[in-house]
Every structure is written in structure tokens, then in C-alpha cells.
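Taking it in order: structure first as C-alpha cells, then the write-up.
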Protein chains: 2
Amino acid sequence: MSHSILAPARVPASSRGLPDATVARLPVYHRVLCTLAQAGQQTVSSGDLASACQVTSALLRKDLSYLGSLGTRGVGYDVASLAYRIGCALGLSHPRHILIVGLGSLGHALAGYAGLADRGFVLVGAVDANPELIGTPVGRPGQEVTVRSIGDLDVVVRETDAHIGIIATPAEAAQGVCDRLVAAGIRSILNFAPVVLATPAGVEVRKVDLSLELQILAFHEQRRGEEPLPAVMRA
Amino acid sequence: MSHSILAPARVPASSRGLPDATVARLPVYHRVLCTLAQAGQQTVSSGDLASACQVTSALLRKDLSYLGSLGTRGVGYDVASLAYRIGCALGLSHPRHILIVGLGSLGHALAGYAGLADRGFVLVGAVDANPELIGTPVGRPGQEVTVRSIGDLDVVVRETDAHIGIIATPAEAAQGVCDRLVAAGIRSILNFAPVVLATPAGVEVRKVDLSLELQILAFHEQRRGEEPLPAVMRA
DNA sequence: TAGATTGTTAATCGATTAACAATC
DNA sequence: TAGATTGTTAATCGATTAACAATC
């Protein structure tokens, strides 16, 4: 492992090997920075940005340090350029093509979600098993796509050059859909169905699960109901 | 399934002090166990259950060990009773009352979500700022609730004895809604709006954020596109 | 008994925090 | 210069893994 002379196009420890926990926080920083930028703010200190993101300033600085040395000592960070750098690290510079599978009420809601178009995400396709839905338009006005048959999933992925698949089907259908997405070449999947999806290595699956989240909240609800004794027990 | 004689309602290090990471996994175990039970399976080993849940068997056993000694060496775990015990730990024995704030397409989809009624969660109320929605029914057929004015949020919380608030409003409205939920006594919030919510200590907020998840996937997409050099660089 | 599998310990790994030298 | 704030190090904390004695 050599530094010495002629470090060739040095990558500042960056982009490679970002800890997962850091990657999960970068979008939060990015969003808050965009809000600050829109409000016209020029610079921000790690302390202020951190509290807006609800992390400690030390953690924020450490996270950012993986991307390089982006701040100015004694001053802080330039809001716009920091947002830009984080955007680059996240790959928001390239538009990503989204395909939604399953257009029940959730699928429809996701297709119409404003925040989707927001950051370089483009809805390029939608498929469903229900013949009645096929041919109908979904998505934001002006950017609608036509629902196609799930039988054409393979074709749709190819034609639209889809990158990310969103599974919004019933639980029973999800694994089958997932298999077909992977077979069609999709490597990034966002799963809204309440099942644990099995995928080959190299496929990135993230899950969003209402029921799981509610159960975690229920646990805390319960624990809250149990703890009315404030450490007064000795006689 | 008793050991020794008259173990005096012993709480086995349980329920208190479960690590957060464990709490987040218990609902997954619970769901998979319910699926196995429905399929008629009597017992399951930590190895089989763990692989169905995509965790290691050591981690699964460690997680379960916080709840007590629930398995039988040489045999495994009884599916039904393990599901029951996890359900108790999560507090799924008591029904939880859900209030949804914001009935755009996402709010409607959530209200109609089957998995909600599933595990002891009951939709008890829905409020929105849009006068056109007020008075309309939402939710699963047979368990509908009537949308009321967001101005009545306080009253609705009291009348319905709501425990958990789901925020499905636009980003701009979310913090205000959150403040009002907290003021009305809600201590558990599930936030679908793309903002970082500020709450006083003692309030549990969980967030579900499509845009954040997509950005994390985008990061991995990008990294995948960069790594075509398979460790062949020495001359 | 022999084989299987748990519950638990100790070792490892990764993520967070506290503190401070560097430097604007 | 004096005050502020970063980038980084070392210490801490928490979560995961590997291994195995206990025991069905």
C-alpha cells in the first residue's frame, strides 16, 4: 500500500467503503441542505446542520469526512456546494429509471408521489397482473406511464432501461415478481410487500414495511405503560 | 412446558433492555413464524428459522435468549408458542388504536392496508385539512372510519383513545401535525412525510421515506457501475 | 448412548462519541 | 491575534459472530 510520490488520481478514501450507516444518513443531510439552500442560507456549521438532522456534530463531521475535506475551519460548510458533493456521492447526478410492479392503491400512491421526480428519479414503467388496469395511465400529470401486463415485465425492463424495481404487490406475489425482476437484470429493489425476499448476491433489496414499523412502535408503547416506577423501590 | 417447581413468575432478563436491533428483528421472526404455523409446521430449528429471516442462527438465538429460554436443546422451537411469546414481548396482545393524519392517496392506501387490522392494529380515526374529504369514509370495508377535520384532531384523539399517529401529510404540514399529536398525548408516531420531525423526549418517532430509500439504492447502483475491475492490477 | 440443537460466553467487528490539534 | 469550527484520533459503546458446554 503506497502513498509516497505520484499518488495516481487519488480518491480521498471517498465513495469506496462508505460505512452503511453513513450512506443511510447522507440523503438526510442532502435534503436538509437543499431546504437551507432554498431558504437562501450560504453556509452552515456542523453543529447547526447536525441538529437539524438530529445527529451529533461529531458524527456529521465524520460522515462528511469520508467524502473528503469539504468544510472550512472556523467557518463551516458552503450549503450549495456541500449539497452538490453529497448528491454526487449518492449518484444523484445520473437519473435513475423506476419501474413499479403492482398498482393497487399503494402502487398508485407511489407512482403519483411528487418526491419521486424530485431528485433525478424517473418513473419509466408500471406493470400489474390485473387486466382491468392494463392500459390505464399512472403517475404525475405530464409524466404518466401506461400500465402494462406483468407478463411483459421482461420486455418493459429492457425497453425502458429500468434500474430500480419497486414491488407493491400482495405478499403472495412478491417473491415471484422479485425473481423475474432479477432475471430481467434489475439489481436494486425496493420492497413494500410484507415478506422477506430471497435474492442472489449482488442484488440490493431494501424494504419498507408498515406492519413492522407499527409493531416496533407497539413495543415501545407497551414498555412505556410498564415503567411508572421511577427508581424508588428500596425500603 | 414448565421447568422446576413454581418458578415465581420469573421475568428472565426479558422485555426490559432489549437492544434496539433485536426489537427491530422480532416482528420479522414473528411474521415468519406465523407463516410456518399456518403451513402446519410444529417445530423449527434456529438454523431454519434464521435462514427464512435472513439472519444468522447465532443472532437469532441471541435475540430470542433475551425473551427467556424458549427452545428445547436437540429439538428446536415450538412454532406456535414461540410466535405467541414474541407477540407478547412486542405487546401485540393489546390492540393498538391508529389515527391517520392526511388522506391523500398515500393516506388512503394506508387506511385500506390489510396488514393493519392483521396484528391487533385498529384504525380508529382519520383527519385531513381538505374540507372535501371531511365526512367521507376510509379504511377496509366493515371497519371504515369517517374523515374528520384536522381542527378536531385533539377531540378525535381523546374520543378514540388513539395510541399511534400516522402522518401522511405533505412535508410542509408534518411538523405542525406532529406538534399537535404530541400535545394531544400521542407518544408513538409513524412519519411518512419527507422531513425530520422534532419531538420532545419520550416520544417515539419512526420514519418511512420513499425518497431516502431510493437514494440509498441509487448509491449502490452507482457503486456497482464503478467496480468492473476484479482485483487484477499488479503487473 | 449418539446426534442434534440450544443458550451463553468470549472475541470480533463496526459505529459513535469525546476531545483536540490544525487552521481558517 | 482571538474566536470559531473543522478533520481526525483514540476511547467507548453496542451489535454480531464463532465456538462450545449444556442438555434434550
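Note that these values count all heavy atoms, side chains included, but never hydrogens, waters or copies made by symmetry. Sequence lines set the chain letters: A, B, ... in the order given, protein chains first and strands last, and positions in each chain run from 1.
Here side chain to side chain donor-acceptor pair (under 3.5 Å) pairs that include residues 38-47 of chain A, with residues two or more places apart or in two chains, are S46(A)-R61(A).
Between the side chains of R119(A) and H30(A), at least one donor-acceptor pair of N or O atoms lies under 3.5 Å.
Under the side chain to side chain contact (heavy atoms under 4.5 Å, CB included) rule, I167(A) has a single partner from V208(A), L190(A), L197(A), which is L197(A).
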Under 4.0 Å protein heavy-atom contacts per nucleotide of nucleotides 7-18 of chain D, with B for base, S for backbone only and - for none: BBB-----SBBB
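Rounded to an integer number of Å, the gap from CG of L67(B) to C1' of dT6(C) is 15 Å.
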Candidate pair S188(B) and R224(A), rule side-chain contact (heavy atoms from CB on, under 4.5 Å), full reasoning: CA-CA 10 Å; S188(B) 300; R224(A) 225 175 275 124; 3.4 Å; yes
Residue pair L26(A), L18(A): steps toward the side-chain contact (heavy atoms from CB on, under 4.5 Å) verdict: CA-CA 10 Å; L26(A) 289 179; L18(A) 292 191; 3.8 Å; yes
Residues Q54(B), V28(B); criterion side-chain contact (heavy atoms from CB on, under 4.5 Å); working and verdict: CA-CA 10 Å; Q54(B) 291 178 9; V28(B) 178; over 6 Å; no
Worked verdict on I216(A) versus D20(B) for side-chain contact (heavy atoms from CB on, under 4.5 Å): CA-CA 9 Å; I216(A) 295 170; D20(B) 286 348; over 6 Å; no
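Using a 4.0 Å cut-off, no side-chain N or O of S45(A) falls inside it from OP1 or OP2 of dT5(D).
Between R31(A) and D209(B) there is a salt bridge, since a side-chain N of the basic residue sits under 4.0 Å from a carboxylate O of the acidic one.
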For DNA chain D, the dot-bracket pattern of Watson-Crick and G-U pairs whose distances stay under 3.5 Å, | for other-strand partners: ..||||||||||||||||||||||
